[in-house]
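Everything below concerns the one structure shown next.
Below, chain A is the first sequence line, B the second, and so on; all start at residue 1.
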Amino acid sequence: MLVIEGLAKQYPTGDRALKGVSLTVPKGQIMALIGPSGAGKSTLIRCVNRLVEPTAGRVTLDGQPITGLSRRGLRQARRKMGMIFQEFALVERLTVMENVLSGRLGYVGFWRSWFRRFPEADVAAAFALLDRVGLAGFEDKRADALSGGQRQRVGIARALLQHPSLLLVDEPTASLDPKTSRQIMRLLQELCRERGLAAIINIHDVALAQMFAERIVGLRSGEIVYDGPPDDVSADILTRIYGEEDWSQTIRLPDEDGEPEMPHADAGAVNRERLAGLT
Amino acid sequence: MPVSVRSGTKVWQRRDRNTQLAVWFGWLVATALVVLSWEVISERTMWMFVEDAHIQAADLLGRMVPPRWSYMDRLWQPLWDTLNIATLGTLIAIVLGVPLAFLAARNTTPSVLFVRPLALLVIVASRSINSLIWALLLVSIIGPGVLAGVIAIALRSVGFIGKLLYEALEEIDEGAVEAIESTGASRPQVIGYAMVPQVAPAFAGISVFRWDINIRESTVLGLVGAGGIGLQLEASISQLAWREASVIFLVILVTVLASEWLSARIRHAII
């Protein structure tokens, strides 16, 4: 369980990206974080694993305080938080296998990692994960030879190889086409359910967020302005998060598919595919 | 104010009036300076020497041909020395320059405030002195010979490799660095996994390019006594043995051509 209390971040430029955000993400919950560009979504998830150092507030993961950890302690804590990026953030010149295995760097010493001598169990787990994300046989390809969707799958496999209890996902679909976006979101959702993983997913696409998340948090200028189930997101709420606009085409109407709980049940999924295609 | 309103329509110009005038004035000053410099040079040139330059050149060329090919027998050893000076100098420069680059790059230096300026100073010092001058200094410090040449080449190349490599380091994609950091990797692992692969092609290109430059530079180091084929050139010219000098010129030409061809091939293969 992730607990965030009064998290604030002021950049040296004076920008206050976060103004005291408090949030609890229980084990296994998939939470979508929506909000306009510059609202502090990226800052928020980067403050959780302290890629960005928060100015004030506390972050606790599974009872362990993250804020206040020493560098060494932080490195160990980061192993429990897998991160997935918009631009995939793979090391382009390394192979798929090397990229996936880099998820184990927090567990392996420098020389072992330098000579690529990872423990057999790690390599076996990497093969299994590549298989799971649909990239079996891609081990020896270089990351820059892959398509966007394939790269994001490698990014997901890398994060999962850490055996995390939390996924921090920063705009996973912003560089992908609509169909691939959906496949990636579905994959993330399935993997979280299989492994009981919690996830914070920053996402711009409200319909996708509604489709795949169990909870939606809206962030505006560094403050939480909405926190609730996806089906309660209305035009009013989107106006509160993003500002005035005609929202009628953006959101999924909960009544139309009847069963909002299981998004990958067939009839509902088809209906939603059609609906989301319109947006 | 490049946008102005003239008789009701908006007009856009690249520069406003004052900037345009300043640009014209700049051109005027530049032209005046060129004319003035030409006059000064012209005054201090003894034109009678220049007037028969083509006769002198033809005369020199006449004394150079035919090249005395038998002289080649005595050039193999100096040529081998020259190649060794360039190669060993480059290797030493790589060994010293790579750590220097990591100390100098903003995103890898242990301290932006103290270590980085120091590393940059070393790089600038090395780069600001030509290898011929390094050789001149070293010949008087450690005596004439190949060793002085190797060290001169190395000292000059450290800065070159250090500078280009640290610039490459500063331009890498930070996204991959962030990703590797977020896995809980240690600092050395972040460098090894996220940074080294990104600068590897640049590193290979820089090293081969510098080796290629060093071949050319090491051919003249002998002029100041730092070993290699330049030593022979010096001797031949001072003895007015122009038919030997022309052999040396041709040997240098072929060597440089070969090294350029080789380095182009290697760079092509890497990138």
Side-chain angles (χ1 to χ4, degrees), chain A residues 42 45-46 48-52 69 71-95 98-116 142-144 154-155 158-164 166-168 170 175, chain B residues 94-95 98-99 101-103 105-116 164-208 266-271:
Chain A
S42 280
I45 65 165
R46 280 172 170 74
V48 171
N49 66 0
R50 284 174 59 195
L51 282 178
V52 170
L69 280 177
R71 286 178 74 88
R72 191 185 177 79
L74 177 62
R75 282 211 306 272
Q76 284 175 0
R78 276 179 178 165
R79 304 186 302 199
K80 290 286 145 206
M81 298 179 277
M83 196 158 180
I84 293 161
F85 299 82
Q86 173 182 346
E87 301 286 352
F88 325 124
L90 303 181
V91 184
E92 303 274 300
R93 291 184 57 85
L94 294 184
T95 62
E98 286 173 303
N99 270 293
V100 174
L101 281 172
S102 66
R104 295 307 290 175
L105 287 176
Y107 298 88
V108 177
F110 175 77
W111 291 112
R112 282 196 88 155
S113 66
W114 178 257
F115 290 111
R116 311 296 195 259
R142 246 169 62 162
D144 54 11
V154 176
R158 172 175 66 188
L160 286 175
L161 197 64
Q162 289 175 231
H163 296 315
L166 171 71
L167 283 183
L168 302 168
D170 193 13
S175 306
Chain B
I94 288 170
V95 170
V98 170
F102 278 92
L103 295 180
R106 194 177 287 280
N107 46 355
T108 54
T109 182
S111 150
V112 177
L113 225 57
F114 300 105
V115 180
R116 184 166 191 266
L164 292 185
L165 191 59
Y166 99 72
E167 284 177 349
L169 273 169
E170 286 185 348
E171 280 166 20
I172 59 170
D173 166 31
E174 286 294 326
V177 175
E178 227 185 9
I180 299 296
E181 274 175 353
S182 72
T183 64
S186 63
R187 192 69 195 146
Q189 284 176 324
V190 172
I191 290 176
Y193 263 76
M195 296 179 166
V196 169
Q198 290 196 58
V199 295
F203 166 73
I206 292 164
S207 305
V208 174
I266 294 174
R267 264 182 292 170
H268 192 75
I270 295 164
I271 302 162

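- The closest side-chain heavy-atom distance from B:Thr183 to A:Tyr107 is not below 4.5 Å.
- Interface check for chain A: of the options B:Ala194, B:Pro188, B:Gly192, the most heavy-atom pairs under 4.5 Å are formed by B:Pro188.
- Using a 4.5 Å heavy-atom threshold, the side chains of A:Glu92 and B:Pro197 count as separate.
- Heavy-atom neighbours of chain B within the stretch residues 71-79 of chain A, taken at a separation under 4.5 angstrom, comprise A:Arg75, A:Arg78, A:Arg79.
- Only the side chain of A:Leu94 comes within less than 4.5 Å of a heavy atom in chain B; its backbone stays farther off.
- For a residue to count as touching a neighbouring chain, one of its non-hydrogen atoms must lie under 4.5 Å from one of that chain's; by this rule A:Arg158 touches chain B with the side chain only.
- Closest approach of B:Gln189 to A:Ser113, counting heavy atoms only: NE2-OG, 3.4 Å.
- Minimum heavy-atom separation, B:Tyr193 to A:Glu98: CE2-O, 4.0 Å.
- Between chain A and the options B:Ser182, B:Ala200, B:Ala179, B:Gly175, the largest number of non-hydrogen pairs under 4.5 Å is found for B:Ser182.
- Here A:Leu105 is the residue among A:Val108, A:Leu105, A:Asn49 with the most heavy-atom pairs under 4.5 Å with chain B.
- With sequence neighbours left out, A:Asp170 forms a side-chain hydrogen bond (donor to acceptor under 3.5 Å, both in side chains) with A:Ser42, A:Arg46, A:Asn202.
- In this structure B:Pro99 satisfies the side chain to side chain contact (heavy atoms under 4.5 Å, CB included) test with no other residue, sequence neighbours excluded.
- The two residues B:Glu178 and A:Phe85 have their closest heavy-atom pair at OE1-CE2, 3.6 Å.
- Remark: A:Ala159 pairs with A:Ile84, A:Leu167 by the side chain to side chain contact (heavy atoms under 4.5 Å, CB included) rule, at least two apart or across chains.
- The two residues A:Trp114 and B:Val196 have their closest heavy-atom pair at CH2-CG1, 4.2 Å.
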